[in-house]
Amino acid sequence: MIYAIAVFAPLAGSLIAGLFGRAIGDRAAQAVTITCMVLASLCGITAFAQLVWGGAPTGTVLLGTWVDVDRFHLAWALRYDTLSAVMVAMVTTIATLIHIYSVGYMSHDKSIARFFSYLSLFSFAMLMLVTADNLVQLFFGWEGVGLASYLLIGFWYDRPSACAAAMKAFIVNRIGDLGFALGIALLFWTVGSVEFSDIFPAIAAHQGEFYNLLGSNFPVMDVIGVLLFIGAMGKSAQIGLHVWLPDAMEGPTPVSALIHAATMVTAGVFLMARMSPLLEYAPGALAFVGFIGATTALFAATIGCVQNDIKRVIAYSTCSQLGYMFIAAGAGAYQASIFHLFTHAFFKALLFLGAGSVIHAMSDEQDIRRMGGIWRKIPITYTVFWIGSLALAGIIPFAGYYSKDAILEAAFASGTGIGMYGYVCGVAAAFLTAFYSWRLIILTFHGAPRADHHTMEHVHESPLVMTGPLMALALGAICTGFVFHGQFIGAGWHEFWRASIFNGPNNHVLADMEEIPSLAALLPSIVGIAGIATAYVMYVLKPSLPGALAERFGPVYRLLLNKWYVDELYGAVFVQPYRRLARQLWQVGDAIIIDGVPNGLASMTTEGSGRVARLQSGSLAMYAFAMLIGLVVLAALFLLVR
Amino acid sequence: MNWALALPEIVLALCGMAILLLGVLRRGDTTALCGWAVLAAFVLAAALVATGADGHAYHDMFIVDAFARFAKLLILTGAALACLLAMDWNRREGIARFEFPVLALFATVGMMLMVSASSFMSLYLGLELQSLSLYVMAAFARDDVRSSEAGLKYFVLGALASGLLLYGISLVYGFSGGLDFAGVAQAVASPELASPGFIVGVMFVVVGLAFKISAVPFHMWAPDVYQGAPTPVTAFFGTAPKVAAMALLLRVLGVPFVHVPWIPVVMLMSIGSMLLGSFGAIAQTNIKRLMAYSSIGHVGYALIGLAAGTVDGVRGVLIYLVTYVFMNIGSFAVIAAMRRRGRAVENIVDLAGLGRTDPGLALALAVFMFSMAGIPPLAGFFGKLYVFLAAVQRGQWTLAVIGVLTSVIGAVYYLRVIKVMYFDAPGEPFEARATATSVLVFGCALFTALFFLFPSAIVASADAAARSLF
């Protein structure tokens with residue numbers, strides 16, 4: 001019951017604010033949605049606590065029948081196990097803080113009720129996703145998240161760039177969704193059900209089966225696993241389908257925080273953990289997951305090093321951190337990936353909301369080249385930014401240290417080639433992460449002010465309604481690591497997760513993690529500190545160095561600055577040809593053929609009508625003649641066909 | 001011999017003579033009196049028809065069956081509604097004379113004889129009684145050149161058609177040795193027995209009847225006569241005589257000529273009528289002329305059902321006629337209401353802005369137009385549905401496809417009327433109309449709009465009527 005309230009309270013808030021927002025006013029809409037979210041988070045945390053410390057049994061909350069056709073049964077049901085409960089508690093908590101923060105951040109906006117309605121809808125869709133008891137309900141939440149993200153990224157719909165970004169997010173996600181939908185369909189075809197309780201026990205029986213396509217054999221589980229992961233790649237912005245995430249910055253900053261921390265991008269990681277009983281029998285798919293994750297982690301980190309938009313740097317850092325999570329999933333350490341998801345949610349929300357606070361202070365300036373020298377004016381924001389960055393860089397004892405190290409240890413311990421690849425990429429990315437984080441801090445807060453006088457005069461700390469959530473999140477970014485690591489990935493993990501995440505009989509990665517060489521375990525921390533030092537050297541001690549480097553390695557710099565030209569590549573390979581095709585279809589197919597045929601027919605008809613009318617000459621003799629001709633013709637025909 | 005089978009016709013004819021005497025002998029203006037008396041006579045005849053028995057009479061020259069009853073009731077309805085429309089119109093046009101309803105009455109007697117004919121002799125007598133009355137009615141506004149022209153044209157061409165029909169009957173008689181339908185059917189009991197002479201005779205008979213329903217290529221009188229004749233007469237022409245001639249055609253092709261392979265001929269006439277009806281109407285500016293082409297098109301659709309040659313086909317034709325009678329009378333009632341400054345106006349552009357000046361009238365006309373275009377759920381849709389259904393069941397895809405295509409083309413001019421009413425700048429409003437006209441307009445509009453609520457009774461009786469033919 002409590003659990004159901006946690007899921008549906010945001011929906012109630014969203015509906016009330018969305019449908020009656022105009023009638024009840026912005027204040028009331030805010031009050032309603034925030035009340036609902038607070039209620040949801042209290043219920044979510046309670047449900048989590050009951051399960052973890054109270055020893056409550058796992059189970060299913062049945063809400064009703066959805067589909068009941070022949071042998072195809074679907075129920076609306078909420079799954080209550082550790083994995084879902086962790087997600088519910090995390091999503092509701094973060095979303096509540098973001099709601100509260102938005103009161104301050106959006107105070108000057110025109111459509112406040114609409115904004116809060118969308119925020120709550122977003123939270124609800126994510127909660128449906130993580131509590132789904134079957135793949136179709138999960139897909140419902142999955143699409144709901146996609147819809148809400150579209151609405152929120154394009155929230156300022158009068159800005160063309162926001163509309164374009166919203167469409168980009170939606171369309172790129174559709175590509176991933178296609179893979180996901182195919183995966184669900186194949187799974188239904190193979191197992192005959194979409195309910196988790198039917199699927200998971202049946203996996204082992206189908207282990208040795210193959211699909212035969214064009215003469216080659218593909219293992220069933222690997223194919224399904226890869227298809228599901230393609231869906232996850234779209235939502236979690238992995239390399240290839242990552243292009244929407246940086247552009248999603250066009251939405252208001254709280255939306256970015258929500259997308260990057262609690263909802264949306266974590267859906268893919270969650271899906272991997274949820275489908276662990278399947279992936280454990282799909283070694284090929286796991287290798288693919290690990291490879292993509294490792295590549296994304298490094299790739300996105302390289303881009304993050306040269307970006308100049310404060311939100312864009314953090315966005316690429318999200319991309320990179322999601323890559324870490326998939327490294328862990330690929331290594332079979334789903335627990336570590338969820339742990340990193342959990343800690344990351346706190347410090348990434350913190351960083352985004354902190355960035356929002358900076359932007360707020362700087363009169364909507366987002367370019368770090370026009371900031372600097374403001375750290376004394378906004379001390380709270382500055383402090384929480386440090387905390388978030390320390391957590392992100394994985395410095396002990398902040399939250400990111402525990403989770404990121406666990407991922408890299410798991411990758412090392414897995415002992416496979418892909419695992420080693422993940423470890424190497426992860427360590428390199430750790431260095432870059434620390435580097436770009438301090439580059440960001442130094443450029444944003446330190447040095448001589450580079451903004452104009454007018455802006456500098458207006459720099460001010462944000463109100464309590466914004467700094468309050470920041471401090472709460474900072475607490476999370478400090479504590480969640482050492483408080484929870486024992487349960488998530490330490491000695492107590494069996495008891496903590498129970499059966500919600502499955503590790504195959506040969507998967508001992510969580511145990512092996514403890515056994516790796518100490519140098520391998522320490523290396524991430526060492527490179528992290530090295531990264532901070534490098535940033536200090538380049539931007540404080542020798543400020544001329546970055547420019548010189550950029551000049552010296554011009555092509556590399558431009559490659560990174562332009563995000564490896566992925567957008568341009570997609571533009572040339574997909575978007576432009578598609579536009580050309582669409583234009584052809586419009587100008588030739590629609591304007592000439594589809595419009596032309598009816599118009600031509602219409603003018604032919606009108607012309608024919610004129611001719612028919614002219615036959616009607618009014619002459620009686622002519623009429624009689626026509627009758628007789630008609631008679632002769634018909635009689636002849638009659639005699640002929642007889 | 002059961003002479004009482006013809007009781008409705010006898011009573012109606014006697015009433016006609018009595019009313020004629022009343023009109024001649026009584027002093028003062030008797031037009032209104034005679035008009036109401038004729039309406040009463042129609043109601044009486046309808047009651048007699050509805051309660052009459054089935055059977056043959058007069059040496060098999062006369063037959064009463066479910067089919068004849070159905071057709072007669074429809075004829076009486078159409079005739080009564082047209083006469084009601086005429087009373088106010090004639091007064092306003094200054095052509096109010098008591099002969100008008102009496103002529104309509106005698107025409108109706110002729111039509112009733114036609115649908116009950118079971119011999120070529122009674123067929124011809126009924127047809128001529130009807131035709132002679134109609135010639136006079138077409139020219140009833142005798143001071144109007146166009147009305148006189150319409151009457152003359154109709155008379156000359158009608159005489160030609162009658163001649164062809166008589167010639168056909170004589171050929172049929174000569175080659176089969178019989179005049180009564182059953183005898184002819186017996187004499188030509190299989191297609192091989194039909195000699196070329198007999199076929200030619202059949203063709204002449206078909207042409208004579210096709211002229212009456214204005215099927216292509218025997219339609220050329222229709223636009224001129226429809227436009228020239230006074231509006232209520234046109235309304236009358238479009239309904240009762242069409243029903244009678246169509247019923248006669250159904251019976252003649254279904255009983256005496258049942259073994260003659262006439263289906264291709266009917267199909268050809270049907271296709272020609274549908275095409276000409278839809279193409280011809282687009283260029284028209286006069287709404288009565290437009291209705292003439294529209295009626296040619298509707299005959300084409302009805303002939304689809306005949307061409308199917310099945311019970312379902314005949315049923316389709318009968319349902320089509322029912323919906324058509326009401327749409328047609330209603331449309332002409334609207335046209336009759338189109339008067340400005342004491343004169344009738346009949347151009348389509350005169351309807352401009354009617355949606356604002358007279359929303360009720362515009363809505364009613366819109367209902368008729370949509371219905372004629374075959375838009376569901378209006379009555380016209382069901383009429384088309386049943387004939388198309390019959391064609392498809394018979395595998396006559398060509399007819400069904402052409403029917404649908406010409407419906408689309410036809411929609412152009414029906415929708416144009418609606419566009420003119422609702423989207424063009426309004427002109428001067430029309431004069432106030434008589435109560436009877438309003439009743440006709442809205443009654444027919446209600447029937448057309450609400451037909452979908454009660455189709456089963458009409459479909460069931462049409463089905464029974466169609467079965468009695470086979």
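At most 12 heavy atoms of other shown residues, nucleotides or ligands fall within 6.0 angstrom of atom CZ in B:Phe155. Heavy-atom neighbours of A:Tyr157 OH from other residues, nucleotides or ligands within 6.0 Å: at or below the threshold of 12. Counted within 6.0 Å of CZ on A:Phe625, heavy atoms from surrounding residues, nucleotides or ligands total 12 or fewer; the atom is thus considered open. Within 6.0 Å of CE on A:Met622 lie more than 12 heavy atoms contributed by other residues, nucleotides or ligands. Counting heavy-atom neighbours within 6.0 Å of A:Phe155 CZ, excluding the residue itself, gives a total above 12. Other residues, nucleotides and ligands contribute at most 12 non-hydrogen atoms within 6.0 Å of the OH atom of B:Tyr173. Within 6.0 Å of the CH2 atom in A:Trp586, the count of heavy atoms belonging to other residues, nucleotides or ligands does not exceed 12.
For the options B:Val207, B:Leu268, B:Val206, B:Asp224, heavy-atom pairs under 4.5 Å to chain A are most numerous at B:Asp224.
Rounded to the nearest 0.5 Å, atoms CE (B:Met203) and CG (A:Leu639) are 9.5 Å apart. Separating the OH atom in B:Tyr167 from the CG atom in A:Leu631 is a distance of 10.5 Å, to the nearest 0.5 Å. For the atom pair CG (A:Leu628) and CG (B:Leu160), the distance works out to 5.5 Å, reported to the nearest 0.5 Å. In this structure, A:Ser617 OG and B:Met220 CE are separated by 6.5 Å, a value rounded to the nearest 0.5 Å.
With a threshold of 4.5 angstrom between heavy atoms, B:Leu157 approaches chain A through its backbone and through its side chain. For B:Ile282, the parts sitting under 4.5 Å from any heavy atom of chain A are the backbone and the side chain alike.
Among the residues in residues 270-279 of chain B, those with a non-hydrogen atom closer than 4.5 angstrom to a non-hydrogen atom of chain A are B:Leu276, B:Phe279.
Here the shortest heavy-atom pairing between B:Ala283 and A:Ser609 reads N-OG, 2.8 Å. When every heavy atom of A:Gly630 is checked against every heavy atom of B:Pro217, the shortest pair comes out as CA-CG, 3.5 Å.
Side-chain contact between B:Val156 and A:Tyr623: absent, with no pair of heavy atoms (C-beta onward) separated by less than 4.5 Å.
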